[in-house]
Amino acid sequence: MTGPVLEAEGLTVHISTPAGELPLVRDVSLRVEPGDFVGIVGESGSGKTLTTRALSGLLPPGARMEASALRFAGEDLLTLPRRRRDSLLGTRLAMVFQDPSSSLNPARRIGSQMVEAVVAHERLPRRKARELAATRLEQVRIDRPAQRLRQRPHELSGGQRQRVMIAMGLMGNPALIIADEPTTALDVTVQDEVMTLLRTLNREQGVAVLMVSHNIALLSQVCNRIVVMYAGRVVESGPAAAVVGRPGHPYAEALMAVVPDLGMEAGRELPTIAGAPPDALAPPPGCAFAPRCPLAVERCAERPPLVALGAGHAAACWRAEERSC
Amino acid sequence: MVVVLAGLVVATFAIVRLIPGDPGRRILGLRADADAVAQLNAQLGLNGSLPHQFGSYLSDLANGDLGRSFQTSEAVTTVIGERLGSTLQLLVLAMAIVLLVGIPAGLVAGVALRGRHGWGETAWSATTGVLGVLPHYVMATFLAFVFAVTLRWLPVAGSGPWDAAILPAVAIALAPAAHVARLVRVETAGALEQEYMTAARSKRLSRLRLYGAHVAPNVLTAALTLSGVILAALVSGAVVVEQVFARPGIGSALVQALLVQDYPVVQGITLLIGTIVVVANALVDLALGLADPRVLEAGA
Amino acid sequence: MRSVRRVTATMVRTPTGALALAGVALLVGLAIFAPLLWGDQADRLDVTAAGQGPSAEHWLGTDELGRDILLRTLVATRLALLLDLAAVGSAAVIGIALGVAIGFGARWLRSAATTAIDTCLSFGDVLLAIVVLAVVGVGTRGTVIAVALSFVATFARMAMTMTRGVLVQEYVAAARVVGVPRRRLATRYLLPNVAEGLTVFLCTSLGSGLLAISALSFLGLGVQPPQYDWGQMLTEGTRQFYTNPAAALAPAAMIGFAGLTLSLLGDALARAANPLVWTASRSARRGRRARRAHALETAA
């Protein structure tokens, strides 16, 4: 396949509330190339999860999406007829959610949950689909796959459930896996397993991954590109090494500083970013980060555009260029 | 369950013994002669000590002997046998209506009213609220008036063909169906907000498959929990409604027997109805247990 | 104790509350004044005008003895409410006393009582009342006793649950530690906390009590001529269903209206007394046991 796996331009998501329509995601552009491992990082409420839900067409009721372009696997999702869109997204896009204990239906067996998408969209006979499911479980290193298919989610551990979710996504030969904080709800030891699995799938099978996390250090280990979101906007994006090494936006720098590391002195207070994210009802007119920014200047009352800093690296900060030099 | 059934046997045994004064005298009236009263008391099994009475009551029960009706001298088992079919027909039909109308209605309402608070919500609460409160005999009267008297679509009285059972079944089924629908709707609304629903939506299944396969199993257990209670409500309803529609079932037999103080029949039918309710509740518990207790606690 | 005035004020402001209060006012007004105004007229026989349809003279027609249906329906309000109050009131007194006593009791007593109560409840109130009627005898007095006894179980269950809820609170544990006697514990600590909940439950029970009494009268087991209530009128009315449907529909409508009003009142009272808890707990998912208990309480 040529061209990007996923391409979104000018993506905006409004949520209707009693207080009116809230734009929680604004003018987000995103591009995932084949084989990419892209990370979206930001605090809670930065719009990162909502962005992935909009991309995958899974917005909650009351949310409305606009975009000037949205393409997936070479198809234009904005104009594709509903049926074809469903079968495309149902098979070629895999979703992995935060809490594996609630993302599998507790009342149904693993097997029937795994096969239903391919049975519905690819008209695969049920027996063949179950064989495929067993293969996929093996692929994510779940032991005794044939037996597992007959089990229910509560009979599995958290890490196993998350791997089942990934295996379920692999059923339809996905071009892209969207993983929303896939390790946050898991034990530290199990987190590694899941990350290794995602990385293996990405390296060996060329499946592109779009992963959302609040942990920029974790993303910097696995991603080749990182997108930083703040208050519903992309404030910086670029190659992982560049974003982490020479951040153009003070917010990206602040995110790096608050990652707790194991070498940290015990008893020291956990570092945090001073201040709170802006009120979505009344965002500041200029740069949303300005009120919390140590480098803020007068000009920040005006909203900065994304400025190119290098090959594929851009940041929305008036002082990005002077700092990156 | 054994304990409850034993309690039931004791209770039916106690019915006649608890009647204040001399039961035989009370039934036959003051002018009856003493011999007749004594004979009747013997027939009621009231002679001898209480333990002795209870012993013979039990041995009769074990032999399937529920005594004879005062009124017709028929064996109580015969009375029941002749009328049970009609009542069962009514109950089966009513249960089917409760489940086949209540559950889908609750599911559809849960999906359609998701995240909205408007007229739909108000209309839903009002309709299910009114249907849930209106007693079956009032419902039966209205239904009979509309469908049998005014429109003349369905027969009002009698038993036999299924069409005669439709109106009474609807009358006793509507209130429990409304309760089931309300419960299922709340459960559905809860299930829809679960993350597994988002995961299921990501598979892009058809709506029927999505809600049928992912919401229904979580909601059905809730409805199943209620089915024992529903059956009890339906039996109660049948006893009353058989009267409205002049159906010769065990309910109307019970009421008739009560009016003429035909105690053996009252005892027998009470025991039968009690057993049906108790056994049905036990079966529901069994079914819920089979459906894996942990799933029940975690799901829905 | 929260002020009654505040709750009333809150109720008037919500549509359901206003509706419920208006309905209750109408019922109470009818119960007081209708027999005074039309009591004699409603008993007046007029064989020449028997079994007529609605006319200018008799708006809803006449019954088989030529008595005015409309007037009789209105006059019957008093008896219906009085019997209901007597039955449910005594059930409340006995049941609450029993429930609080059990709630203070040992664990084995509580679990035994729960089983016994749940068994009683699983038969449904009408069926239970019929069994009691078999013992105490058919008639007005019997009906009141029967309905009262069959409602004792629900009140006892409610009071027991509430008592436990309060007793496990820390301030009550503290009071126990410092040696506050049980009676004082019950009057000073318990009552103020459960009064509200019990009042709400009492209203709802008045609704179902009225329906149960009417059901028994309807079956001919309750109120006997020359007294009359809606249930009895409904039975008589169904006999002239084809000539004057209003004879059956009028009492049926009043039963439905009274039942709805009282259940609405309970609902509105609950919301007004505790708006937050009610909106939250209604949508909250319930456990299996609690769900069944709730269903038992609401099942007709």
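By convention in this document, chain letters (A, B, ...) are assigned in the order of the sequence lines, proteins followed by strands, and residues within each chain are numbered from 1.
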Q) Does any heavy atom of chain B fall under 4.5 Å from the side chain of Leu211(C), the backbone, both, or neither of them? A) both
Q.
For the interface with chain C, which of Leu259(B), Val235(B), Leu254(B) has the highest count of heavy-atom pairs at distances below 4.5 Å?
A. Leu259(B)
Q. So what's closer than 4.5 Å to chain C heavy atoms on Thr141(B): side chain, backbone, both or neither?
A. both
Q.
Name the residue from Leu21(C), Leu206(C), Leu260(C) that meets the side-chain contact (heavy atoms from CB on, under 4.5 Å) definition with Leu265(C).
A. Leu21(C)
Q | Among the listed options Leu258(B), Val130(B), Leu231(B), the residue most often paired with chain C at heavy-atom distances under 4.5 Å | A | Leu258(B)
Q. Would you say Ile130(C) and Leu219(C) make side-chain contact, with heavy atoms under 4.5 Å?
A. yes
(Q) If I measure from the heavy atoms of chain C, does Val255(B) come under 4.5 Å with its side chain, its backbone, both, or neither? (A) both
Q. Is any side-chain heavy atom of Ser214(C) closer than 4.5 Å to a side-chain heavy atom of Tyr137(B)?
A. yes
Q) Is there a donor-acceptor contact under 3.5 Å linking the side chains of Gln227(C) and Thr140(C)? A) yes
Q. Among Val240(B), Ile273(B), Val239(B), which has the most heavy-atom pairs under 4.5 Å with chain C?
A. Val240(B)
Q.
Would the distance check show the side chain of Ser252(B) and the main-chain N or O of Arg247(B) forming a donor-acceptor pair, the cut-off being under 3.5 Å?
A. yes
